[in-house]
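The analysis underlying the following values was restricted to heavy atoms, covering all of them including side chains, and did not include hydrogens, waters or symmetry mates. In what follows, every chain begins at residue 1, and chains take the letters A, B, ... in the order their sequences are listed.
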There are 2 protein chains.
Amino acid sequence: MSKKRNTTLKELSKELNLSISTVSRALNDHPDISQDTKDRVKKLAKQMNYVPNLFARGFRSRETHILGVIVPNISHLFTSTILKGVIEEAELRGYRVIISESNNDEIKQVEMLNTMTQFGVDGILMSLARKTTKLEEVLKVFNRIPLVLFDKVSSKIPCTQIVINEEEAAFNAVEHLIELGKERIAIIKETENSYNSEKRYAGYLRALNQYNIPVRDKLILSTEDISLANGRRLTNILLSMKKRPDAIFAITDNAAIGAIKALHKFKVKIPEEIAVVGFSNSINSTIISPSLTTVDQPGDKIGRTAVRFLIEEIEAPSNDVMTKTVEIKTSLIVRDSSLRV
Amino acid sequence: MSKKRNTTLKELSKELNLSISTVSRALNDHPDISQDTKDRVKKLAKQMNYVPNLFARGFRSRETHILGVIVPNISHLFTSTILKGVIEEAELRGYRVIISESNNDEIKQVEMLNTMTQFGVDGILMSLARKTTKLEEVLKVFNRIPLVLFDKVSSKIPCTQIVINEEEAAFNAVEHLIELGKERIAIIKETENSYNSEKRYAGYLRALNQYNIPVRDKLILSTEDISLANGRRLTNILLSMKKRPDAIFAITDNAAIGAIKALHKFKVKIPEEIAVVGFSNSINSTIISPSLTTVDQPGDKIGRTAVRFLIEEIEAPSNDVMTKTVEIKTSLIVRDSSLRV
DNA sequence: CTGAAAGCGCTTACAG
DNA sequence: CTGAAAGCGCTTACAG
């Protein structure tokens, strides 16, 4: 058995003794065409299993109706949840999605940007690779084609950016700990000042200040790679202090879970002695015991919003660049790791 | 600022006073073209930021170098790990990937298959939606374009299928429990006889038979939706029996974690009183306490293998259909939930 | 070594 | 109501 070639307009037209133009118009319900012709054409099209070659159509109109998406790592739950939203919203609006990973490698990221433009995508959705420093290349692409950043963004690129209310979310999380009566609140954040880490740290500081709680340098810990292992390691450091913290705010769930594991090991009571709050509402946060208080980030909504703005820009009659920054609201989910006791 | 149109061969040729053909050949390092011309052309191309329109190229050669991927749900870790492998392997071989979700909806799945073919993808990679019954539509697509199934497959479609060694993996898991001295081994499986559930159940039965352990119907529990909640629910049933099981083999990690939660609740000692084994090696399996013994499925490898076979089929000179079934080896990861005590 | 021309499958302004 | 023709950007067999 060999693969059949797709039926073309030409074949239909030959069969029907009509011109290609007429067949095309009939299929597209052009008002000029008689109902009778339309019926005949459509019937044969169905019979011959005709499917339009969207490629040819798109090629002609210089629109591919494909969106390019570049993310650091597709297999993070938060990322794949965003992608789910992206795919669904895009399909709803008649677009398809090409997905690619940068693996947090800046070189790869630029490569991907370039192949995507070459490919003729109508626009690009991107979450920046960690430590993206050379923005010229990104800007160059941005000059040719609509671009929307989400999650990992940079204020240095004058395009629409979709983020969560990082600062406020962190503020709320820390405020929650304060209301619990905690005052020696440690934070585990990133060394590298990523957009996200910076904002969350700012929220932490604002909460302490607002409640007149002194900021203690010793309780501010940073790590290159904000992982479970590092959360555990840094928590061990916190536990070795003469005066231990009474709460830990980790800027990711993974680090928070590492913290809980370390606390378990040293039989520290959670939340009585030390409360823990994470960030992401990953599945793990409900599996770990005690269950983890965390910030829920609506990935689906982020994805949908990003698509909406990108398509708006693509389809805008003017090619003016819009540079909105859209903040998606998050919510604090209180669980056992910070329950009032 | 408005978006610039991409530079075309025509523009380059005008600028250089050469024909479009010569410019095209120079850029593609055709041996007929003089080095001098090549240099001039390439220099200007770089200068004018020329990027070939892959769309036009692909359109002409009837190859898009795009692979379509359809999965039930992108945000399952196992799925996104497979996708990671798919994307990486595809890019390595000069292909791009369009991803789409069926949401386990058969109608949606057919829709996706059709738009993908319309789109002119060179081949399709698919993991079937649950309860896919009407295969005619899938077969129809399969007649036009190479198709490779992975993970959720069906022997009723005569195409290459990439699976894990489901039966053997389950056998090994149950054998491991038997070697621990367990003999009342319960299984939590799916009601719906999916390919995966069926094979794992077969492995369970084979292990019991091989070790002369009676198969007790009461210990064989099924559920429509093999979730954490249902794992918990079914475990409660097991615990209410006069003679409790001494081990539980759940065919997914989620169900196994549900089981552990239920056992915790009733203060059953794991693994002394009841050991638990899951399937998937999800992140959760290391977060839960006790950590879960489970089967590691190399998603990355499944993805890469699927791409390899699909591209092989696409690029094969003959259009013969190949119908290999490829089994990827898994490994049992023993953790605390079934440790010898 | 270089160019003119055809063609991939479609849409659409222009004619009739 | 229908058709002939141009064109989207590229590659390549054919000519010179």
>> Only pairs with both distances under 3.5 Å count, Watson-Crick or wobble alike; so what is the partner of D/dG16 in this structure?
In response: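 Across all strands, the one nucleotide that pairs with D/dG16 is C/dC1.
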
What is the distance, to the nearest angstrom, from the [atom1] atom on [X] to the [atom2] atom on [N]?
X	N	atom1	atom2	result
B/Leu9	C/dA4	CG	P	15 Å
A/Glu11	C/dC8	CD	P	11 Å
B/His30	D/dT12	NE2	P	9 Å
A/Leu12	C/dT11	CG	C1'	15 Å
A/Asn28	C/dT12	CG	C1'	11 Å
B/Leu27	D/dT12	CG	P	13 Å
A/Leu16	D/dT2	CG	C1'	14 Å
A/Ile20	C/dT12	CD1	P	15 Å

> NZ of A/Lys131 to CG of A/Asp105: how many Å apart, nearest 0.5 Å?
Replying inline: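 CG of A/Asp105 is found 11.0 Å from NZ of A/Lys131.
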
Nearest to the side chain of [X], heavy atoms from C-beta on, is which of [options]?
X	options	value
B/Asp32	C/dT2, D/dA4, D/dT11	C/dT2
B/Thr37	C/dG3, C/dT2, C/dC14	C/dT2
B/Ser19	C/dC8, C/dC14, C/dA4	C/dA4
B/Tyr50	D/dC10, C/dC8, C/dA5	D/dC10
A/Thr8	C/dC10, D/dG3, C/dC1	C/dC10

>> Counting only heavy atoms not in B/Ile107 (residues, nucleotides, ligands), do more than 12 fall under 6.0 Å from its CD1?
In response: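 At most 12 heavy atoms, drawn from other residues, nucleotides or ligands, come within 6.0 Å of this atom.
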
Got a salt bridge between [X] and [Y], using NZ or NE/NH1/NH2 to carboxylate O under 4.0 Å?
X	Y	result
B/Glu91	B/Arg96	yes
B/Lys38	B/Asp29	yes
B/Lys140	B/Glu137	yes

> Does A/Ser24 place a side-chain N or O at less than 4.0 Å from the phosphate oxygens OP1/OP2 of C/dC10?
Replying inline: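 No, A/Ser24 has no side-chain N/O under 4.0 Å of OP1/OP2 on C/dC10.
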
>> Considering every strand and a 4.0 Å limit on heavy-atom distances, what is the contact class for B/Ser21: base, sugar-phosphate, or nothing?
In response: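 Here B/Ser21 touches the bases of the nucleic acid.
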
